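Quick notes on the structure that follows.
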Number of protein chains: 2
Amino acid sequence: MFDQIDRKIIDILQQDTNKSVVDIANEVGLSHTPCWRRIKRMEDMGLIRSRVALVDRRMANVGMTIFIAIKVPRHNSVWLDAFRKEIRDIPEIMEAYRLTGETDYLLRVVVPDIEVYDQVYQNLINRLEFSDLSSSIAMEEMKFTTALPTKYM
Amino acid sequence: MFDQIDRKIIDILQQDTNKSVVDIANEVGLSHTPCWRRIKRMEDMGLIRSRVALVDRRMANVGMTIFIAIKVPRHNSVWLDAFRKEIRDIPEIMEAYRLTGETDYLLRVVVPDIEVYDQVYQNLINRLEFSDLSSSIAMEEMKFTTALPTKYM
DNA sequence: CGTGAAAGTCGCTATCC
DNA sequence: GGATAGCGACTTTCACG
């Protein structure tokens, strides 16, 4: 489905979308037309979902990252729907996963400081019942990338 | 530093970089020249870090997300440097944070399936000593966004 | 896949208000 | 901040080998 050249193109586009098709074509050893055809194909089939700007967390004044591990007693659908809606609507929540193991859900939240985090936190527990909810502050972001590994494509 | 129009521009660019400056200018109620000047300014100052392509996880054959919670007995600098290098070099590791609380580090890993995950896992524990290392499989990705909230800017 | 070429759009800059 | 104008670069598509 995808060959080595496709992977190279994806590697490049996952790092920088500002490069022109001609530049990318040179990097992967193609001329611009077939290179453009490949990019177009991968966009049309949905492999390339979107092109977005990545913004600096500190400069956007959301330098603090906090993880919330959530335990829920029994999941009924009404509660779950409400939970899903909250997650979707709260812009400070960047990621949310339903997990196996002890914690049922894991959220990654970004805020300017602890005061604002407390507001987000209070807001959440006032609207929904939780069995247990524990926060961990990220002292350091050691790695953050949006570039998926291409070796399994 | 940033006004409401800047925030609107960032909101748009965080969702879609394919829009032309003219389109963005129309959306935020400016003509294209001042709009372009604002974007340029935010790029030059580093608020807009980069423009990247977001790739579909499933189609890239890394549909499985796993979190690794790591505990370390005592952090010496040699171990930490080696740990940092591993995190940086393993492409399946998308995020890594140093946390407060019980777990010292939290990693988000993407792989095609459990077999490959086991390879990544074995690879990691063969190269470095850990006090404790527990994996949680993400059954469902409920939310994932790269768009930071702009209300604190 | 390659070359070449065409057309249209866009980024970017400058100038003047 | 707005308007206009311009150049060059880029995207996108074509025909043809």
Side-chain angles (χ1 to χ4, degrees), chain A residues 1-61 145-153, chain B residues 1-61 145-153:
Chain A
M1 195 136 178
F2 303 108
D3 61 12
Q4 204 55 46
I5 296 176
D6 283 330
R7 286 184 205 116
K8 273 191 194 175
I9 293 172
I10 292 295
D11 283 335
I12 294 167
L13 288 177
Q14 282 194 127
Q15 292 296 334
D16 185 7
T17 333
N18 282 330
K19 283 181 181 169
S20 70
V21 179
V22 177
D23 289 340
I24 297 169
N26 286 334
E27 280 192 54
V28 302
L30 285 178
S31 61
H32 72 272
T33 308
C35 183
W36 183 85
R37 282 196 277 248
R38 280 169 185 265
I39 295 172
K40 183 73 165 53
R41 171 176 156 264
M42 294 192 284
E43 261 167 357
D44 289 344
M45 69 195 297
L47 176 69
I48 298 171
R49 300 189 73 152
S50 57
R51 292 155 184 256
V52 301
L54 298 185
V55 169
D56 186 272
R57 274 219 333 276
R58 304 262 157 83
M59 295 192 83
N61 195 29
T145 181
T146 56
L148 297 171
T150 49
K151 57 171 150 176
Y152 305 112
M153 287 174 47
Chain B
M1 196 137 178
F2 303 108
D3 60 12
Q4 204 54 49
I5 295 177
D6 283 329
R7 286 184 205 117
K8 273 191 193 175
I9 292 173
I10 292 296
D11 282 336
I12 295 167
L13 288 178
Q14 283 194 128
Q15 292 296 334
D16 185 7
T17 329
N18 282 330
K19 283 180 181 169
S20 70
V21 179
V22 177
D23 289 340
I24 298 169
N26 286 335
E27 280 192 54
V28 301
L30 285 179
S31 61
H32 70 270
T33 309
C35 183
W36 183 85
R37 282 197 278 245
R38 281 170 183 265
I39 295 171
K40 183 73 164 52
R41 172 176 155 262
M42 294 191 284
E43 261 165 357
D44 289 344
M45 69 195 295
L47 176 69
I48 299 171
R49 300 189 72 150
S50 57
R51 291 156 186 255
V52 302
L54 297 184
V55 169
D56 186 273
R57 275 220 332 276
R58 304 260 158 84
M59 295 192 83
N61 195 28
T145 181
T146 56
L148 297 171
T150 48
K151 57 172 151 174
Y152 304 112
M153 288 173 48

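Labels below follow one simple rule: chain letters A, B, ... track the order of the sequence lines, proteins then strands, and each chain is numbered from 1. Scope of the values below: all heavy atoms of this structure, side chains included, with no hydrogens, waters or symmetry mates. Treat the numbers as computed from the prediction; the structure is a model and nothing was measured.
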Worksheet item: Looking at residues at least two apart in the chain, or sitting in another chain, which of them share a salt bridge (charged side-chain N to carboxylate O under 4.0 Å, His left out) with B/R58?
Response: none
Worksheet item: Among all residues two or more places apart in sequence or in another chain, which pass the side chain to side chain donor-acceptor pair (under 3.5 Å) test with B/Q15?
Response: none
Fill in: Residue list, side chain to side chain donor-acceptor pair (under 3.5 Å) with B/S20, at least two apart or on another chain
B/D23
Worksheet entry | Any residue of residues 41-48 of chain A with a heavy atom less than 4.0 Å from an atom of DNA chain D | none
Fill in: Segment of DNA chain C, first to last nucleotide, that comes within the 4.0 Å heavy-atom reach of chain A
C/dC1 to C/dA5
Worksheet item: Does a side-chain heavy-atom distance below 4.5 Å link B/I10 with B/L148?
Response: no
Discussion item. Please compare B/R38 and A/V21 by the position of their nearest nucleotide in DNA chain D and report the one closer to 5'.
Written reply: B/R38
Worksheet entry | Closest approach of B/A53 to A/T17 (non-hydrogen atoms, all atoms of both residues) | N-OG1, 3.4 Å
Response to the item:
Looking only at heavy atoms, the pair that brings A/C35 and A/V21 closest together is SG-O, 4.1 Å
Item to complete: Kindly write out the residues that satisfy side-chain contact (heavy atoms from CB on, under 4.5 Å) with B/D3, not counting sequence neighbours, or none if the list is empty.
Response: B/I5, B/D6, B/R38
Worksheet item: Nucleotide range of DNA chain D contacted by chain A, 5' to 3', under 4.0 Å to a heavy atom?
Response: D/dC10 to D/dC14
Worksheet item: With a 4.5 Å heavy-atom cut-off, do B/D44 and B/K40 have their side chains touching?
Response: yes
Worksheet, complete the sentence: So, with a heavy-atom separation below 4.0 Å from DNA chain D, the residues of residues 23-33 of chain B are B/G29, B/L30, B/S31, B/H32, B/T33
Worksheet entry | Within 6.0 Å of CZ in B/R41, more than 12 heavy atoms from elsewhere | yes
Worksheet entry | For B/R37, all residues meeting side chain to side chain donor-acceptor pair (under 3.5 Å), sequence neighbours excluded | none
Practice prompt. Please collect all salt bridge (charged side-chain N to carboxylate O under 4.0 Å, His left out) contacts where either partner lies in residues 7-20 of chain A, sequence neighbours excluded, each pair once.
Written response: A/K19-A/E27
Worksheet item: So, A/N61 side chain and B/Y152 main chain: donor-acceptor pair closer than 3.5 Å or not?
Response: yes
Discussion item. Applying side chain to side chain donor-acceptor pair (under 3.5 Å), can you list everything that pairs with B/T33, at least two apart in sequence or on another chain?
Written reply: none
Worksheet entry | Any side-chain heavy-atom pair of A/F2 and A/L47 under 4.5 Å | yes
Practice prompt. Could you check which residues of residues 10-19 of chain B get a heavy atom under 4.0 Å from DNA chain C? Sort them by number, please.
Written response: none
Worksheet entry | Non-hydrogen side-chain atoms of B/V52 and A/L13 separated by less than 4.5 Å | no
